[in-house]
2 protein chains.
Amino acid sequence: MITSDELLEKKGVRPTAMRLLVYKYLAKSHVALTLTDIENAFAKADRTTLFRTLKIFEKKGVVHQIDDGTGIKKYALCEPDCNCELEQDLHLHFHCARCNETVCLTEHKIPHINLPEGFVVEDANVVLKGLCDKCSEK
Amino acid sequence: MITSDELLEKKGVRPTAMRLLVYKYLAKSHVALTLTDIENAFAKADRTTLFRTLKIFEKKGVVHQIDDGTGIKKYALCEPDCNCELEQDLHLHFHCARCNETVCLTEHKIPHINLPEGFVVEDANVVLKGLCDKCSEK
DNA sequence: AAAATAAATGCACTTCCGTTGCATGGGCAT
DNA sequence: ATGCCCATGCAACGGAAGTGCATTTATTTT
C-alpha cells in the first residue's frame, strides 16, 4: 500500500505537511469538496495556500475539478490509475438538490457521443441532478 | 408565425419593450449568451433589469440556463415545444475552448443513464468541450 | 378619467468566490 | 553558512450573482 507521501511524490507534488493534510482530507471524504469546505476543516490554513494546493493537485493529476452547476468549484481525488482522459477516466457526477452534496459516479464513464463534422471533443462534464440515495429515502 | 410578443404572452411573461429586445437578441444569437453579453448589447439597459428578465424567462420556460464550466451562466432560448424535461427536451451543449462560445446541440438529447438504487434523477447537465467547427478548421 | 393597485425598472450596495501580487519563511543544495 | 527555490501568508482586487428599496410604468378598479 502506497503512502500519501509517496503518492504525492510520484505525481510530482512536493509533499508538504499542509498538502498531506489536504490530500488525506480529500481521501477521507466520499463527496466532492469546495475550497471553503477544506478551509473550514483546517482553521489554521490560509485560503490562498489551499487554493494553490488544489491548483497544483489538479495540474499534477491528483484531483479533478467538478463543476456541478452550483457555481462553486468542487474537488475530488482522482482514481488511482486516472489520467483524466475522456471515455477512459472521466466519469459522471451526481449533485443532490437537497443536501447539496456531489458525488463521483466512478463506475459510470462518459458515454461516447457523435458530433457533427468539425467538432473536436477533448473534455466533457456530465452532472446528473436530483435526490441522492440518502435524501430520497426520507 | 407567432410574434415574439405573442410568444411571451403565451409563456406568461408580460412583453415589455425591454423584454422583447432581450428575447429578440437571444433569438438572433446562435450561441448562448451571458448576462454581460446582453448588457453590452443594450448600453442603456440596467444590469439588474436584464438579470431579472433572464430570471423570469428561465422560470417561465422561455430560456434555459447553461453552465458550461466557465463559471459564468449563459442563456439560450428554449426550443418551441420545450418543457425542459429530461430525455425529451434537455440537450447537450458544446463549449469551445478557443473562442469560448457555447452552442446548443439541440439534436443531441441527454442519453438515459442507469444509476444505483436510491438516486432520483430530475435534471442533467452535459457539456462537451473542445474545438468547435469554426475553430478546428483554422 | 381618476384613484388604487400591481408590476417592472433603476440605483446602490453587498456578498461570495476565485485569483493575483508581494513579502516572508523554511528546506535543500552548493 | 550562503544562496536559491518553492511554499506560505497577508492583503487586496475583480467579476458575477443577488438583494433592498425607491421610483416609474402599466393595469385594474371605482
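Remember, it's a predicted structure, so these values are computed and weren't measured experimentally. Letters A, B, ... are given to chains in the order of the sequence lines, protein chains preceding strands, and every chain is numbered from 1.
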Tabulate atom names and distances for all N/O pairs under 3.5 angstrom spanning the protein and nucleotides 13-17 of chain D.
| unit_1 | atom_1 | unit_2 | atom_2 | d |
| --- | --- | --- | --- | --- |
| D:dA17 | OP1 | B:Lys73 | N | 3.4 |

Between the protein and nucleotides 8-11 of chain D, are there any N/O to N/O pairs under 3.5 Å, and if so, what are the atom names and distances?
| unit_1 | atom_1 | unit_2 | atom_2 | d |
| --- | --- | --- | --- | --- |
| D:dT8 | OP1 | A:Thr16 | OG1 | 2.9 |
| D:dG9 | OP2 | A:Thr49 | OG1 | 3.1 |
| D:dG9 | O6 | A:Arg52 | NH2 | 2.5 |
| D:dC10 | N4 | A:Thr48 | OG1 | 3.1 |
| D:dA11 | N6 | A:Thr48 | OG1 | 3.4 |

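One interatomic measurement links the two molecules: CG of A:Leu8 to C1' of D:dA7, which rounds to 14 Å at whole-angstrom precision.
In this structure, SG on B:Cys78 lies 6.0 Å from NZ on B:Lys11, to the nearest 0.5 angstrom. The distance from atom CG of A:Asp68 to atom CG of A:Leu128, rounded to the nearest 0.5 Å, is 12.0 Å. Considering CD of A:Gln65 and CG of A:Asn125, their distance stands at 9.5 Å, rounded to 0.5 Å. Going from atom OG1 of B:Thr102 over to atom NZ of B:Lys129 covers 8.5 Å, rounded to the nearest 0.5 Å.
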Margin query: Within the 4.0 Å limit for protein heavy atoms, which parts of nucleotides 23-30 of chain C are touched? Write it as a string from 5' to 3', B for base, S for sugar-phosphate only, - for none.
Written below: --------
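Here the side chain of A:His64 pairs a donor or acceptor atom with the backbone of A:Ala76 at under 3.5 angstrom. No donor-acceptor pair closer than 3.5 Å links the side chain of A:Glu58 to the backbone N or O of A:Lys55. The backbone N or O of B:Leu131 lies less than 3.5 Å from no partner atom in the side chain of B:Arg98, so there is not a single donor-acceptor pair. Remark: side-chain polar atoms of A:Arg19 are paired, donor with acceptor, to backbone N or O of A:Arg14 under 3.5 angstrom. Side-chain atoms of A:Asp89 come within 3.5 Å of backbone N or O of A:Glu85 as a donor-acceptor pair.
Neither OP1 nor OP2 of C:dT9 sits under 4.0 Å from any side-chain N or O of B:Lys55.
Side chains of A:His108 and A:His93: a donor-acceptor N/O pair is absent below 3.5 angstrom, by distance only.
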